[in-house]
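Heavy atoms only: backbone and side chains are in, while hydrogens, waters and symmetry mates are out. Below, chain A is the first sequence line, B the second, and so on; all start at residue 1.
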Amino acid sequence: MALIGRALLILGLLVCLYGIAASVYGARSGRQDFVVSGRRAVYALAALMTAAFAILEAAFLRSDFSFNVVAAHSSTTTPTFYKGAAVWSSQEGSLLLWVWLLSLWSSLVLVLTRKRVREIVPYATAVLLGFGGFFTSLTVFFANPFGTSATPPPEGAGLDPLLLHPSMMIHPPMLYSGYTLLTIPFAFAIGALITGRLGGDWLAVTRRFALGAWLFLGIGIVLGARWSYTELGWGGYWAWDPVENAALMPWLCATAFIHSIMIQEKRGMLKVWNASLVLSSGVLAILGTFLVRSGILESIHAFGASTLGVPFVTLIAAMVASSVGLVIWRRERLRSEARLDSLLSREAVFLFQNMVLVAMVFVIFWVTFFPLISEAITGTKVSVGPPAFRPFIVPLALVLVALAGIGPIIAWRRVTAANLTRSFSFPVASAALTLTVLLIASDASARPLALAMFVLGAFVLGTVTQELWRGTAARRAMTHDPLPVAFVQLVRRNRRRYGGYIVHAGLAALLIGVAASSSFQHSRDVSLQPGQSARVDGLTIRYVRATASATAQKISFGALLSVSQGRRHLMTLVTSRGYYPAQDASLGPIGRFFNGASDSNVGLSAGAWHDIWTVIHPDLTPLQPLISQGDRVFQSAMAAEASLPAAQARQGLGRLWQFRDIAISEITTRFVTHPWPVEFLLIVSPLVTWIWVGAIIIAIGGLIALWPFPMFAWRRVRAVSRAKRAAPPRVPARETA
Amino acid sequence: MIEFLIVLAILLLVIAFVSAPLRRGGGAHMQAPSSSASQLEELEAAREAKYREIRDAELDHRTGKLSDEDYQAIDGSLRAEAVEILRELDRIGERIPS
């Protein structure tokens with residue numbers, strides 16, 4: 001099957017090359033048959049990549065270790081769910097996933113645009129196939145997922161234990177969906193610029209794909225943060241890691257685009273800005289993929305050093321050069337059709353918000369790449385961490401939240417002072433009340449930036465509540481529906497607007513959680529023996545007893561912790577650290593079980609007000625003499641067995657492995673029976689739950705704004721257009737809410 | 001050998017599928033989009049956007065974000081712009097053979 005898989009990749013590459021040529025020729029010559037043939041090349045690519053991905057997936061599921069990637073990233077003991085997802089834990093498999101998703105999304109957009117933007121589509125097809133060809137060629141020439149070994153190992157190396165987490169299995173497909181979806185607006189923007197068709201129609205086609213990309217990227221980012229919080233054992237959810245930033249930058253850029261696109265739709269303004277944002281989002285999506293794949297910046301998420309740097313840099317350079325060149329070439333046609341009527345208008349707020357978002361992207365880009373820039377200039381790689389981001393990002397985030405509150409309550413075009421006062425009264429009162437309560441009843445004043453975020457968050461929540469209430473009331477006054485019905489109808493008839501408002505509410509909740517948990521976190525590194533306790537933020541955390549377990553796949557050392565407040569027992573937490581056997585036999589027959597990869601099992605109690613987060617860092621030094629002694633004993637026993645005749649040696653080794661398992665079990669039991677001191681990280685962090693709740697609210701708002709999905713929207717458009725053919729269009733009557 | 005035959009079959013299928021439009025009788029029968037059709041499409045997008053703008057202005061008025069005077073002025077100009085788009089659509093529609 002590996003041969004078929006490899007042949008599918010080569011066929012896919014040839015199909016891409018043909019499709020690019022056919023699409024461009026069809027567009028230049030006006031030959032629609034070639035255009036259609038080019039479009040079919042995309043569908044063929046999707047079929048080929050689906051088959052290739054299915055072959056690789058099947059190899060993982062049946063633990064076929066003749067496939068090199070399966071042997072390196074899975075094992076017979078890997079749970080089936082993780083076997084299925086282990087495909088994208090490898091460089092080769094993740095590149096195949098990328099091109100597979102790209103081919104699926106490309107096919108979807110081309111099905112939906114069979115009768116639309118027909119001048120632009122051939123060029124967009126060529127660009128999409130260009131991306132497809134690039135990633136397929138990487139799998140053909142640089143990272144072959146179908147490489148095989150003539151002598152497959154009896155057992156695979158297994159999946160990196162850090163990836164044995166449910167969110168890690170969904171996180172990569174979400175991010176890749178986001179990245180690949182962002183190439184669609186990019187491709188259509190290139191097509192629009194080449195043809196000079198820079199009206200609103202191509203924006204209407206790609207808007208949902210941009211929104212989909214934004215949604216998927218957002219979900220991927222949050223799942224990554226959740227994994228970091230519950231799996232990595234450092235107690236945080238965001239480390240400003242280059243790979244995290246690589247996903248955040250296109251997300252911020254897409255956020256700016258989703259807002260500014262409305263100004264172009266309504267006013268014909270900001271055409272250069274929108275084209276630049278779409279093109280930048282596409283470039284940043286490829287840059288994000290490059291950062292994960294190349295290993296040029298150190299990251300826990302990256303695949304390590306690879307040979308993919310040069311092809312990626314070449315692609316990014318080509319994208320940037322063609323984008324800049326096309327925008328300059330079409331600058332006359334990209335002129336705005338209108339001017340801002342007033343600085344007190346929603347379009348002005350959107351513009352300001354766009355500038356803040358782009359400034360954030362610029363800061364993140366600069367600080368992320370600073371180590372490379374410093375190395376290029378001075379020859380020394382300067383490492384920068386989270387403190388380098390905060391002085392810029394925190395104030396910008398505050399302004400962003402303020403604008404997320406102002407935007408919904410300000411009208412398009414212009415507003416009067418009286419309306420402004422009326423619209424701002426309730427949100428400002430909410431913010432003022434929050435400020436007063438926090439100043440009186442908490443120590444929030446000690447952290448002014450966090451306090452500002454709480455107040456602005458309350459302002460946004462006040463804004464959204466007011467808008468939902470006023471909209472529902474207006475709808476109810478018109479239709480006399482019951483309140484819940486009026487509310488549902490209001491949102492249903494204005495999905496973009498109210499979906500967006502819900503996203504703003506989610507953003508406020510999320511950033512309140514971030515501000516609270518990062519500013520008011522109580523954290524202690526303590527060394528405890530069983531029976532001892534430590535106090536964190538008024539809570540007493542007692543190390544009750546040690547726990548240990550040993551299986552063929554994993555040795556685990558843990559602790560049972562009792563959490564109490566005063567004399568009241570609140571909960572019991574269990575934390576452990578797992579050690580996975582290394583494949584390296586030189587670490588010793590016993591030692592390799594204690595020196596392989598390891599992961600943390602966090603003891604977590606999550607609540608609406610605070611999370612109690614604990615992790616154990618067991619010190620294995622006291623066990624080391626026993627491990628070394630075991631290695632010596634078993635090595636000499638193995639040497640003695642090896643000198644016997646083959647049949648006897650096999651039998652003897654079988655017995656020896658039984659003794660080895662007993663020895664490992666005895667060593668792990670020592671951890672429980674001897675009261676050695678153990679290191680713990682104990683954290684009490686307020687409002688962390690609101691980060692995840694906020695993210696869920698954002699996703700719900702995004703889904704509302706995205707609905708109906710392109711397929712259903714297309715059917716609806718067809719139905720509407722059929723109906724319109726029967727009757728001439730009319731300006732809508734005055735009835736909306 | 002079986003694998004080779006499977007690959008060959010896939011190759012033939014792909015060639016047949018991708019080249020089907022070329023084998024169906026040439027490009028002369030398949031109309032390329034005219035500039036009028038493209039203009040029509042752009043205007044239809046502009047019309048939908050204008051309708052949405054009119055609805056948004058009305059919702060802004062109903063929810064108290066626009067005063068009566070501002071709403072009358074904005075709505076009037078939006079409707080005039082919409083009528084202009086509809087006239088343009090009619091003009092181009094007449095040029096396109098049905």
Please state whether the side chain, the backbone, both or neither of [X] comes within less than 4.5 Å of a heavy atom of chain B.
| X | answer |
| --- | --- |
| Leu198(A) | backbone |
| Arg422(A) | side chain |
| Val205(A) | neither |
| Arg346(A) | side chain |
| Leu48(A) | side chain |

Does any heavy atom of chain A fall under 4.5 Å from the side chain of [X], the backbone, both, or neither of them?
| X | value |
| --- | --- |
| Val14(B) | side chain |
| Glu44(B) | neither |
| Ile6(B) | side chain |

Heavy-atom side-chain proximity of [X] to [Y] below 4.5 angstrom:
| X | Y | value |
| --- | --- | --- |
| Arg55(B) | Arg493(A) | no |
| Arg497(A) | Asp60(B) | yes |
| Glu41(B) | Glu119(A) | no |

Seminar exercise, completed: With chain A, the option among Glu69(B), Arg52(B), Lys50(B) that has the most non-hydrogen atom pairs under 4.5 Å is Arg52(B)

Exercise. If you take all heavy atoms of Ser423(A) and Gly64(B), which pair is closest and at what distance?
Worked result: OG-O, 4.0 Å

Exercise. When you look at CD1 of Ile2(B), are more than 12 heavy atoms from neighbouring residues, nucleotides or ligands closer to it than 6.0 Å?
Worked result: no

Solution key, residues 6-19 of chain A side-chain donor-acceptor pairs under 3.5 Å, sequence neighbours excluded:
from: Arg6(A); atom 1: NH1; to: Val140(A); atom 2: O; distance (Å): 3.0
from: Arg6(A); atom 1: NH2; to: Val140(A); atom 2: O; distance (Å): 3.4
from: Tyr18(A); atom 1: OH; to: Ser37(A); atom 2: OG; distance (Å): 2.6

Please round to the nearest 0.5 Å and tell me the distance separating atom [atom1] of [X] and atom [atom2] of [Y].
| X | Y | atom1 | atom2 | result |
| --- | --- | --- | --- | --- |
| Arg197(A) | Gln39(B) | CZ | CD | 9.0 Å |
| Leu5(B) | Ile4(A) | CG | CD1 | 10.0 Å |
| Arg475(A) | Leu59(B) | CZ | CG | 10.5 Å |
| Asn494(A) | Asp56(B) | CG | CG | 7.0 Å |
| Trp412(A) | Leu78(B) | CH2 | CG | 12.0 Å |

Problem set entry | Side-chain donor/acceptor of Lys65(B) to backbone N/O of Pro408(A), under 3.5 Å | yes

Exercise. What option among Met1(A), Arg39(A), Arg496(A) has the most heavy-atom pairs under 4.5 Å with chain B?
Worked result: Arg496(A)

